[in-house]
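Every heavy atom of this structure was used, including side-chain atoms; hydrogens, water molecules and symmetry mates were not. Residues take their numbers from the sequence shown, with the count starting at 1.
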Amino acid sequence: MSGMTTFSNEKPNAFLNQALSLCSQLLADILIDIDTLGDFTPETEAFLTRQLQNVTSNIGKFVEVTSLVAKYLSGSRRQDVSEIRTSHVSLLSIMNAVSRAQKNSDLVALEDLIKHDLKDNLTQWKIAFIPQTQKHLST
């Protein structure tokens with residue numbers, strides 16, 4: 001099985017704990033990147049574009065990991081994953097709006113979407129999804 005990671009059914013909690021730890025780190029990195037974004041002005045647009053590429057890349061990784069966790073939780077019937085799916089849809093919607101605002105050089109909308117909508121969505125993941133899943137693991 002070269003290049004492919006498999007997880008034993010004997011150690012599902014170890015996989016979930018590693019995945020949740022990775023989710024927490026990705027969330028922390030993304031939220032720091034959002035907090036360090038400066039003024040959304042035409043003069044800073046090139047810098048913002050580079051920063052947004054980093055944020056987008058980390059969000060992609062975050063969605064991949066949370067999707068794997070949701071798939072495992074759904075398959076093992078350990079947790080209802082409908083909230084995770086709803087949050088994924090919401091996150092995707094926000095990222096699509098961010099992309100449109102960036103293409104249209106609408107810096108006001110871009111700043112609002114990133115500093116409010118995106119940050120709020122990711123904060124909900126941080127305070128709801130991860131602790132809730134960790135709670136299920138300990139029971």
Side-chain angles (χ1 to χ4, degrees):
M1 293 190 157
S2 65
M4 192 171 165
T5 303
T6 59
F7 298 99
S8 166
N9 286 337
E10 298 168 5
K11 300 188 181 189
N13 284 356
F15 158 71
L16 288 173
N17 284 325
Q18 287 178 325
L20 292 172
S21 176
L22 179 58
C23 287
S24 293
Q25 186 59 52
L26 285 168
L27 279 173
D29 291 347
I30 295 165
L31 291 170
I32 288 170
D33 285 345
I34 289 172
D35 286 339
T36 60
L37 288 173
D39 295 329
F40 283 64
T41 62
E43 296 80 27
T44 62
E45 197 166 355
F47 171 75
L48 290 171
T49 299
R50 285 191 301 276
Q51 287 295 97
L52 287 175
Q53 289 171 342
N54 189 44
V55 167
T56 302
S57 174
N58 281 339
I59 288 173
K61 293 172 190 173
F62 176 79
V63 168
E64 286 180 41
V65 175
T66 55
S67 293
L68 285 172
V69 170
K71 185 175 181 177
Y72 175 79
L73 292 172
S74 175
S76 67
R77 301 194 196 297
R78 292 182 122 189
Q79 183 176 339
D80 178 25
V81 295
S82 60
E83 282 186 48
I84 296 171
R85 289 185 182 125
T86 301
S87 291
H88 276 150
V89 170
S90 177
L91 186 56
L92 178 61
S93 175
I94 293 166
M95 292 308 295
N96 284 335
V98 165
S99 179
R100 280 191 307 276
Q102 193 173 13
K103 285 179 186 174
N104 294 331
S105 296
D106 187 345
L107 297 178
V108 172
L110 188 60
E111 182 174 20
D112 186 53
L113 286 163
I114 292 170
K115 291 196 172 186
H116 299 288
D117 297 352
L118 181 59
K119 188 172 180 178
D120 289 348
N121 180 283
L122 295 172
T123 300
Q124 287 303 309
W125 281 93
K126 183 178 177 179
I127 64 175
F129 166 72
I130 293 174
Q132 184 180 48
T133 302
Q134 288 171 329
K135 180 181 171 187
H136 282 317
L137 288 177
S138 63
T139 57

The test is side-chain contact (heavy atoms from CB on, under 4.5 Å); show your working for Gln51 and Thr36 and say whether it passes. CA-CA 9 Å; Gln51 287 295 97; Thr36 60; 4.1 Å; yes
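- Interatomic distance, CD1 of Ile30 versus CD1 of Ile59, reported as 5.0 Å (0.5 Å rounding).
- In this structure the side chain of Leu37 never reaches within 4.5 angstrom of the side chain of Asp33, judged on heavy atoms.
- Remark: Ile130 CD1 to Ser24 OG distance equals 3.5 Å, nearest 0.5 Å.
- By the neighbour-count criterion of 12 heavy atoms within 6.0 Å, atom NZ of Lys71 is sparsely surrounded, having that number or fewer from other residues, nucleotides or ligands.
- Here Asp120 contributes atom CG and Leu113 contributes atom CG; the two are 11.5 Å apart, rounded to the nearest 0.5 Å.
- For Leu91 against Val63, the heavy-atom pair with the smallest separation is CD2-CG2, 3.7 Å.
- Side-chain atoms of Leu92 and Asn96, non-hydrogen and from C-beta on, do get closer than 4.5 Å to each other.
- Within the 4.5 Å cutoff, side-chain heavy atoms of His88 are placed close to those of Ile84.
- Of all heavy-atom pairs between Ser90 and Asn121, the closest is OG-ND2, 3.2 Å.
- Here the closest non-hydrogen pair linking Ser74 and Arg85 is OG-NH2, 3.9 Å.
- If you take CG on Leu110 and NZ on Lys115, they are separated by 10.5 Å, rounding to the nearest 0.5 Å.
- The closest donor-acceptor contact from the side chain of Thr86 to the backbone of Ser82 lies under 3.5 Å.
- You'll find the side chain of Val98 stays beyond 4.5 Å of the side chain of Val55, heavy atoms only.
- In the model, Asp29 has no side-chain atom that pairs as donor or acceptor with a side-chain atom of Asn58 under 3.5 Å.
- Counting only heavy atoms from C-beta outward, the side chains of Ile114 and Leu48 never approach each other to under 4.5 Å.
- Taking OG1 from Thr66 and CG from Leu20, the interatomic distance works out to 10.0 Å, rounded to the nearest 0.5 Å.
- Using cut-offs of 30° and 60° on the angle between ring planes, the pair Phe62 and Trp125 is perpendicular.
- Taking every heavy atom of both residues into account, Val65 and Ala19 meet most closely at CG1-O, 3.6 Å.
- A salt bridge is absent between Asp106 and Arg100: the closest approach of a Lys/Arg side-chain nitrogen to an acidic carboxylate oxygen does not fall below 4.0 angstrom.
- Separation of atoms CD1 (Ile34) and CG (Leu52) is listed at 9.0 Å; rounding is to 0.5 Å.
- Side chain of Thr123 to main chain of Lys119: a donor-acceptor pair is present (N/O by atom type, distance under 3.5 Å, no hydrogens or angles).
- Between the side chain of Ser87 and the backbone N or O of Glu83 there is at least one donor-acceptor pair closer than 3.5 Å.
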